[in-house]
Asker: 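Below is one structure. I have some questions about it.
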Amino acid sequence: MRDIFATLEFLKTHIKTRNEFEKVNLTQALGCILYEDIFVQKNLPAFDNSALDGYALNYALKNEMLKIKGSILAGDKNTYILEKNECYKIMTGAKIPQNANTILMFEEALLENEKLNAKNAKENNAIRFKGEEAKLGELLFQKGQKITSGMIAMLAAQGIYELNVVKKMRVGIFSSGDELVEPWEDADEYNIYNANAFGIYAILQDYADVEYLGLIKDDLNAYKKLLENKQFDMLISSGGASVGEADFIKQALLECDFSPIFEKVNAKLCKHVKVFNKNNMLFLALPGNPLASLISTHIFAKNILNLFYGLDLLEFLEVKLASDLNFKGGRNDFVFGKISQESFIPNKAKFGSGMIKPLYENTHILITKIDDTKLIKDQEVKVLKI
């Protein structure tokens with residue numbers, strides 16, 4: 001039985017990149033992955049312009065009394081030329097006149113007899129030069145980058161409204177268990193609200209095109225019918241992943257010709273995670289306990305989608321440990337905590353697989369190696385954001 005890290009490496013040999021793309025516009029692009037390199041289409045800034053409201057002048061003449069020739073507004077496409085002992089009023093974003101090389105802000109300007117005393121001017125001040133942020137033809141964004149809000153703003157600034165992105169994987173989520181009811185239903189004292197599916201949905205909604213398929217009762221035929229659905233790249237179940245008498249998922253998978261990739265993990269919380277495959281459609285079976293289910297989603301579902309997209313496994317953050325920790329060893333253990341001043345501060349509160357609070361009271365998890373029995377303060381450790 002492999003640990004978490006060995007299992008993820010093993011998955012890399014079993015999951016093929018889906019080399020498919022789709023065209024989206026900028027309103028649909030957030031969180032998508034670029035299918036191809038993007039190059040600068042337009043210099044940014046497109047021309048030398050003023051970074052503030054003030055006076056455009058030649059710094060060498062700052063000690064002369066300068067005639068105010070006129071005003072240049074943003075959007076004015078005319079070419080203006082400074083002659084000796086002249087300056088222009090200029091507004092933010094306006095085109096810099098020829099022979100000007102600095103801007104004196106209005107608040108620091110001194111006016112005498114309708115002329116400018118520019119003695120407070122600073123050299124090379126407040127000019128945004130053509131192409132200083134992005135030059136025509138340069139590589140702007142690389143294939144494989146996940147599109148952020150800042151990237152969308154830059155793409156818009158380049159006049160790029162449509163672009164090719166990696167086609168999002170279709171993921172279907174369901175929960176199983178006769179004890180479960182939906183959050184909008186009435187629950188008696190012995191019912192359990194279905195928290196897992198909505199937690200899984202929230203974790204994956206930026207990674208894939210996710211659809212919630214509802215509650216599936218503990219019935220072999222119901223599982224088999226669901227497995228016949230071919231519109232998804234991956235199905236994810238919460239519950240039915242252990243070896244209880246009423247857990248029919250494995251039987252249904254085998255009867256529907258799914259083959260196991262792995263069936264157990266040597267790790268606390270993730271022990272009963274399973275992944276099966278049929279014709280490149282994956283089935284990820286997660287535990288039914290909320291903490292176990294949602295942590296397994298962070299570790300396995302997100303990494304599986306990364307591999308589908310041709311990306312690397314999730315990156316761990318390397319930080320110092322804020323206090324000593326002890327473990328039994330022999331498996332991966334988990335420590336919940338937060339990052340502060342580049343140190344991981346463990347949450348010493350006890351947790352169980354059926355809990356939810358650790359997921360919103362903490363920001364990161366430390367996953368031990370199976371031979372770790374003691375980690376000491378200030379030791380470098382790797383943590384994963386949750």
Side-chain angles (χ1 to χ4, degrees), residues 2 4 7-22 31-33 35 144 146 165-176 194 196-216 222-241 247-265 270 272-288 290 292-314 386:
R2 301 176 185 87
I4 286 173
T7 302
L8 291 175
E9 289 297 321
F10 182 68
L11 276 174
K12 288 166 67 174
T13 67
H14 284 75
I15 297 178
K16 296 179 180 178
T17 299
R18 306 289 178 87
N19 194 28
E20 301 176 36
F21 71 90
E22 58 187 347
C32 294
I33 296 164
Y35 183 77
K146 190 171 184 178
V165 299
V166 175
K167 187 176 181 181
K168 281 191 172 183
M169 297 295 102
R170 293 219 60 208
V171 176
I173 299 170
F174 70 93
S175 293
S176 64
N194 177 24
N196 295 6
F198 298 95
I200 296 168
Y201 191 104
I203 292 169
L204 299 183
Q205 62 181 341
D206 286 340
Y207 281 76
D209 182 2
V210 185
E211 183 177 340
Y212 175 51
L213 304 177
L215 283 173
I216 305 297
Y223 291 146
K224 291 174 70 173
K225 183 177 181 180
L226 187 69
L227 293 173
E228 293 171 359
N229 193 329
K230 298 179 181 179
Q231 63 178 305
F232 296 102
D233 300 288
M234 180 164 62
L235 288 171
I236 299 177
S237 71
S238 176
D247 293 334
F248 299 113
I249 286 184
K250 182 175 179 180
Q251 183 181 348
L253 286 163
L254 294 176
E255 291 187 13
C256 291
D257 298 322
F258 279 78
S259 301
I261 294 177
F262 70 85
E263 296 188 63
K264 280 189 177 181
V265 183
C270 303
H272 295 295
V273 174
K274 301 178 176 70
V275 174
F276 281 68
N277 175 60
K278 179 183 178 182
N279 299 327
N280 292 323
M281 174 181 170
L282 292 189
F283 189 98
L284 172 61
L286 301 175
S293 180
L294 299 178
I295 286 299
S296 297
T297 301
H298 279 290
I299 294 171
F300 293 103
K302 286 162 71 172
N303 273 310
I304 286 170
L305 288 168
N306 269 16
L307 294 174
F308 271 146
Y309 295 139
L311 304 178
D312 293 331
L313 296 174
L314 294 175
I386 56 172

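None of these values were measured; they are calculated from a predicted model. One-based numbering along the sequence shown.
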Asker: Once you round to the nearest 0.5 Å, how far does CD1 of Ile203 lie from CG of Asp206?
Answerer: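 Separation between the atoms: 11.5 Å.
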Asker: Give a yes or no answer on whether the side chain of Lys278 reaches the backbone of Cys256 with a donor-acceptor pair at less than 3.5 Å.
Answerer: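 Such a contact is found between Lys278 side chain and Cys256 backbone.
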Asker: Report yes if some heavy atom in the side chain of Leu204 is under 4.5 Å from a heavy atom in the side chain of Val210; otherwise report no.
Answerer: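 Yes, close enough: below the 4.5 Å cut-off.
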Asker: I need the minimum non-hydrogen distance between Ser238 and Ile200, along with the two atoms involved.
Answerer: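 Scanning both residues, the minimum pair turns out to be CB-CD1, 4.0 Å.
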Asker: With a 4.5 Å limit on heavy-atom distance, are the side chains of Leu286 and Ser296 in contact?
Answerer: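 In short, these two side chains touch, coming nearer than 4.5 Å.
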Asker: Can you list everything that forms a ring-ring contact (aromatic ring centres under 6.0 Å, His included) with Phe262? Sequence neighbours excluded, please.
Answerer: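 Result, ring-ring contact (aromatic ring centres under 6.0 Å, His included) vs Phe262: Phe300.
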Asker: Pick one: which of Pro290, Ser176, Pro287 meets side-chain contact (heavy atoms from CB on, under 4.5 Å) with Asn196?
Answerer: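 Between Asn196 and the candidates, side-chain contact (heavy atoms from CB on, under 4.5 Å) is satisfied uniquely by Pro290.
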Asker: Give, for atom CG of Asp233 and atom CZ of Phe308, the distance between the pair rounded to the nearest 0.5 Å.
Answerer: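 Answer for the CG-CZ pair, Asp233 versus Phe308, is 6.0 Å.
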Asker: Mind checking side chain to side chain contact (heavy atoms under 4.5 Å, CB included) for Lys12 and listing every partner two or more places apart, or none if nothing turns up?
Answerer: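 Counting only residues at least two positions away or on another chain, Lys12 forms a side chain to side chain contact (heavy atoms under 4.5 Å, CB included) with Glu9, Leu307, Leu313.
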Asker: Please list all pairs meeting side chain to side chain donor-acceptor pair (under 3.5 Å) that have one or both residues in residues 299-309, counting only residues at least two apart or in different chains.
Answerer: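 Counting only pairs at least two positions apart or across chains, the side chain to side chain donor-acceptor pair (under 3.5 Å) contacts touching residues 299-309 are His298-Lys302.
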Asker: Would you say Ser237 and Tyr223 make side-chain contact, with heavy atoms under 4.5 Å?
Answerer: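 Result no, sub-4.5 Å side-chain heavy-atom pair not found.
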Asker: Step by step, work out the side chain to side chain contact (heavy atoms under 4.5 Å, CB included) result for Phe276 and Leu282.
Answerer: CA-CA 6 Å; Phe276 281 68; Leu282 292 189; over 6 Å; no
Asker: Check the surroundings of atom NZ in Lys225: do more than 12 heavy atoms from other residues, nucleotides or ligands lie under 6.0 Å from it?
Answerer: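 Open: at most 12 neighbouring heavy atoms sit under 6.0 Å from NZ of Lys225.
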Asker: Do you know the tightest heavy-atom contact between Leu215 and Tyr212?
Answerer: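 Taking Leu215 first and Tyr212 second, the nearest heavy atoms are N-OH, 3.6 Å.
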Asker: CG of Leu8 to CZ of Arg2: how many Å apart, nearest 0.5 Å?
Answerer: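 One gets 11.5 Å once the value is rounded to the nearest 0.5 Å.
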Asker: For the atom pair OG1 (Thr297) and CD1 (Ile236), what is the distance rounded to the nearest 0.5 Å?
Answerer: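 Reported value, rounded in 0.5 Å steps: 6.0 Å.
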Asker: Does the side chain of Cys270 come within less than 4.5 Å of Ile4's, by heavy atoms?
Answerer: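 Ile4 reaches Cys270 side chain to side chain.
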Asker: Calculate, to the nearest 0.5 Å, the distance between atoms CG and CD1 belonging to Leu294 and Ile299 respectively.
Answerer: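 Rounded to the nearest 0.5 Å, the CG-CD1 separation comes to 11.5 Å.
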Asker: So how far is it from Asn280 CG to His14 NE2, rounded to the nearest 0.5 Å?
Answerer: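 Answer rounded to 0.5 Å: 12.0 Å.
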Asker: So do Glu263 and Lys250 actually touch side chain to side chain, heavy atoms under 4.5 Å?
Answerer: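 Yes, their side chains come closer than 4.5 Å.
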Asker: Taking the side chain as everything from C-beta on, heavy atoms only, tell me whether Leu284 gets closer than 4.5 Å to Met234.
Answerer: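 In short, these two side chains touch, coming nearer than 4.5 Å.
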Asker: Can Val275 and Phe283 be said to form a side chain to side chain contact (heavy atoms under 4.5 Å, CB included), step by step?
Answerer: CA-CA 6 Å; Val275 174; Phe283 189 98; over 6 Å; no
Asker: My understanding is that only residues two or more places apart in sequence, or in another chain, count here; which of them pass side chain to side chain contact (heavy atoms under 4.5 Å, CB included) with Phe21?
Answerer: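 Counting only residues at least two positions away or on another chain, Phe21 forms a side chain to side chain contact (heavy atoms under 4.5 Å, CB included) with Tyr35, Asn164.
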Asker: Let me have the donor-acceptor pairs involving side chains of residues 166-173, under 3.5 Å, with sequence neighbours excluded, atom names and distances please.
Answerer:
unit_1, atom_1, unit_2, atom_2, d
Arg170, NH1, Gln231, OE1, 2.8
Arg170, NH2, Glu211, OE1, 2.8

Asker: Side chains of Asn194 and Ser175: donor-acceptor distance under 3.5 Å anywhere?
Answerer: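 Judged by distance alone, the side chains do pair up.
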Asker: Does a side-chain heavy-atom distance below 4.5 Å link Asn277 with Phe258?
Answerer: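 Not in contact.
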Asker: Could you work out, with side chain to side chain contact (heavy atoms under 4.5 Å, CB included) as the rule, every residue matching Leu226, not counting sequence neighbours?
Answerer: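 Residues passing side chain to side chain contact (heavy atoms under 4.5 Å, CB included) with Leu226: Phe174, Leu213, Ile216.
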